[in-house]
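Taking it in order: structure first as structure tokens, then the write-up.
Numbering starts at 1 and runs along the sequence shown.
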Amino acid sequence: MKSFISVCIPTYNGQKYLKETLDSVFIQTYKDFEIVIVDDQSTDDTYALALEYAQKDNRIRLFRNETNLGLVGNWNRCVEIAQGEWIKFVFQDDLITHDCLEKMMASVKDDDTIIFCSRNFIFDDTIPESKKQWFLNHAQLITDLFLNLSHISPETYSEIVLQNIGLNIVGEPTVVMLHRSAFHRFGLFDPNLIQLVDHEYWTRIATNVGITYIPEVLATFRVHANATTTRNYQFGNYRADCIDTNIILNNIVFHPIYLPLRSVAFRLSPSIDLILLLRNSARSAWLQAIRNSDPSLLNEWDKISETYPALKLMASRTYLQEFSEYVKSKKMSVKHRLKHFKRFIK
């Protein structure tokens with residue numbers, strides 16, 4: 001018999017906090033769930049700890065990948081293995097309240113596909129005050145955006161997305177519960193993204209079917225030096241933020257699944273020119289890469305523009321278009337055109 005909820009815990013070198021995470025799941029007031037732990041070839045004692053718990057509780061289904069699938073690959077592996085009608089991610093260093101599953105299930109209405117709640121944070125001593133404040137401000141922003149809203153329509157969610165391009169307006173996977181049908185209808189998490197993976201997926205779903213919000217803190221997101229979010233930003237905002245934003249904008253402009261979002265952008269007054277946004281964003285990313293002394297940025301740009309050739313086209317088209325318009329506005333001679341050409345490549 002299939003469990004009604006699959007609590008999915010993807011793990012990789014998460015020994016330090018996994019016990020707290022598992023304990024927060026075991027004390028749930030809602031009882032009809034399985035726990036799916038998928039270890040991605042940890043090199044510490046994560047798997048041994050998970051095995052110890054699995055031997056004590058038959059609700060745990062423990063797996064270990066034959067090879068390291070990476071962050072997003074392991075998320076998707078969890079989904080493939082899970083047997084529940086609902087999928088509830090709880091990451092290896094996060095916590096949920098004892099009544100999280102119960103309150104999320106109580107909020108379910110007919111045809112609901114995605115539900116999320118508010119969250120708070122645990123910061124370790126390595127996190128600077130500026131980063132702490134960013135997370136607290138982000139949590140407050142989400143509260144403000146969805147104030148007095150519970151069941152948010154696709155149109156309303158799309159408007160909020162368009163007003164906050166590139167910003168995760170839901171939060172991390174630990175705050176979300178998804179109906180299994182979401183993965184059949186909208187696919188899995190996008191492995192080409194590294195930082196805005198969850199944001200893109202929530203957007204992909206909610207702009208089509210809407211989203212339910214529980215304005216209550218039912219989850220805790222732990223921010224520490226080894227967390228993926230922290231490491232991504234240490235790697236550099238260019239890959240974690242700039243490139244991811246361009247991939248998402250590329251999908252919004254071209255992918256059929258984002259047609260509802262494009263329709264809302266067109267109907268808004270004033271309307272939002274998503275193609276222009278993509279052109280400007282792609283050109284900005286390209287210029288940042290070629291002007292930076294760090295060659296890794298240009299390597300990142302080249303790799304991603306091979307996967308998404310429209311980004312390279314948009315960047316070059318924007319450049320040529322701006323130069324052409326500049327030339328026309330000045331009514332330049334050929335000699336002057338060559339002279340001023342350098343202005344656009346500095």
Side-chain angles (χ1 to χ4, degrees), residues 6-28 33 35-54 57 60-65 68-79 82 87-98 100-101 104 116-128 131-132 134-136 138-139 142 168 170-178 189 193-199 201-202 217-235 240:
S6 290
V7 177
C8 293
I9 307 178
T11 64
Y12 177 73
N13 289 352
Q15 171 190 354
K16 185 174 182 179
Y17 301 112
L18 183 58
K19 183 179 187 303
E20 289 182 67
T21 299
L22 288 170
D23 288 345
S24 78
V25 175
F26 283 133
I27 62 172
Q28 291 300 300
F33 65 90
I35 302 173
V36 177
I37 304 175
V38 183
D39 183 70
D40 199 26
Q41 285 288 314
S42 291
T43 57
D44 64 2
D45 289 332
T46 297
Y47 184 79
L49 177 60
L51 181 61
E52 180 182 330
Y53 270 81
D57 196 314
I60 296 179
R61 298 170 60 225
L62 175 61
F63 302 86
R64 191 174 202 181
N65 297 329
N68 181 278
L69 300 180
L71 179 79
V72 183
N74 204 30
W75 293 10
N76 289 332
R77 180 64 177 147
C78 285
V79 172
I87 308 295
K88 177 73 187 79
F89 277 100
V90 181
F91 279 9
Q92 64 185 16
D93 39 14
D94 297 339
L95 308 170
I96 55 176
T97 62
H98 71 284
C100 176
L101 299 185
M104 282 194 153
F116 78 105
C117 64
S118 295
R119 89 283 205 211
N120 57 17
F121 307 97
I122 297 175
F123 300 106
D124 76 8
D125 295 338
T126 66
I127 305 302
K131 180 58 70 174
K132 291 180 184 178
W134 185 93
F135 277 103
L136 295 173
H138 181 255
I142 293 174
N168 188 340
V170 168
E172 302 77 24
T174 299
V175 308
V176 172
M177 186 170 74
L178 297 151
F189 293 100
L193 299 167
I194 70 165
Q195 180 62 35
L196 300 177
V197 189
D198 44 2
H199 163 60
Y201 198 64
W202 317 149
V217 173
L218 301 177
T220 298
F221 180 65
R222 191 188 300 269
V223 185
H224 57 94
N226 292 322
T228 301
T229 299
T230 306
R231 285 187 283 108
N232 282 344
Y233 280 114
Q234 288 172 342
F235 175 76

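Side-chain atoms of Asn13 and Thr43, non-hydrogen and from C-beta on, do get closer than 4.5 Å to each other.
In this view, Tyr17 and His224 satisfy the ring pair (Phe, Tyr, Trp, His ring centres under 6.0 Å) rule, not counting sequence neighbours. In terms of the ring pair (Phe, Tyr, Trp, His ring centres under 6.0 Å) criterion, residue partners of Phe121 (sequence neighbours excluded) are, by chain and number, Phe123, Phe135. Partners of Gln28 under the side-chain contact (heavy atoms from CB on, under 4.5 Å) rule, at least two apart in sequence or in another chain, are Phe33, Ile96, Cys100, Leu101. Residues satisfying the side-chain contact (heavy atoms from CB on, under 4.5 Å) criterion with Lys16, sequence neighbours excluded, are absent altogether. With sequence neighbours left out, Asp44 forms a salt bridge (Lys or Arg N to Asp or Glu O under 4.0 Å) with no residue at all. By the side chain to side chain donor-acceptor pair (under 3.5 Å) test, Glu20 is found to be paired with Arg222, residues two or more places apart in sequence or in another chain being considered. Every residue meeting the side chain to side chain donor-acceptor pair (under 3.5 Å) condition with Asn74, not counting sequence neighbours, appears here in chain and number order: Asn65. A search for side chain to side chain donor-acceptor pair (under 3.5 Å) contacts involving Asp39 returns Thr11, Ser42, Arg64, not counting sequence neighbours. By the ring pair (Phe, Tyr, Trp, His ring centres under 6.0 Å) test, Tyr47 is found to be paired with no residue, residues two or more places apart in sequence or in another chain being considered. With sequence neighbours left out, Asp125 forms a side chain to side chain donor-acceptor pair (under 3.5 Å) with no residue at all. Residues meeting the side-chain contact (heavy atoms from CB on, under 4.5 Å) test with Ala50, sequence neighbours left out: Leu18, Ile37, Leu62. His98 meets the side-chain contact (heavy atoms from CB on, under 4.5 Å) test with Ile27, Thr29; sequence neighbours excluded.
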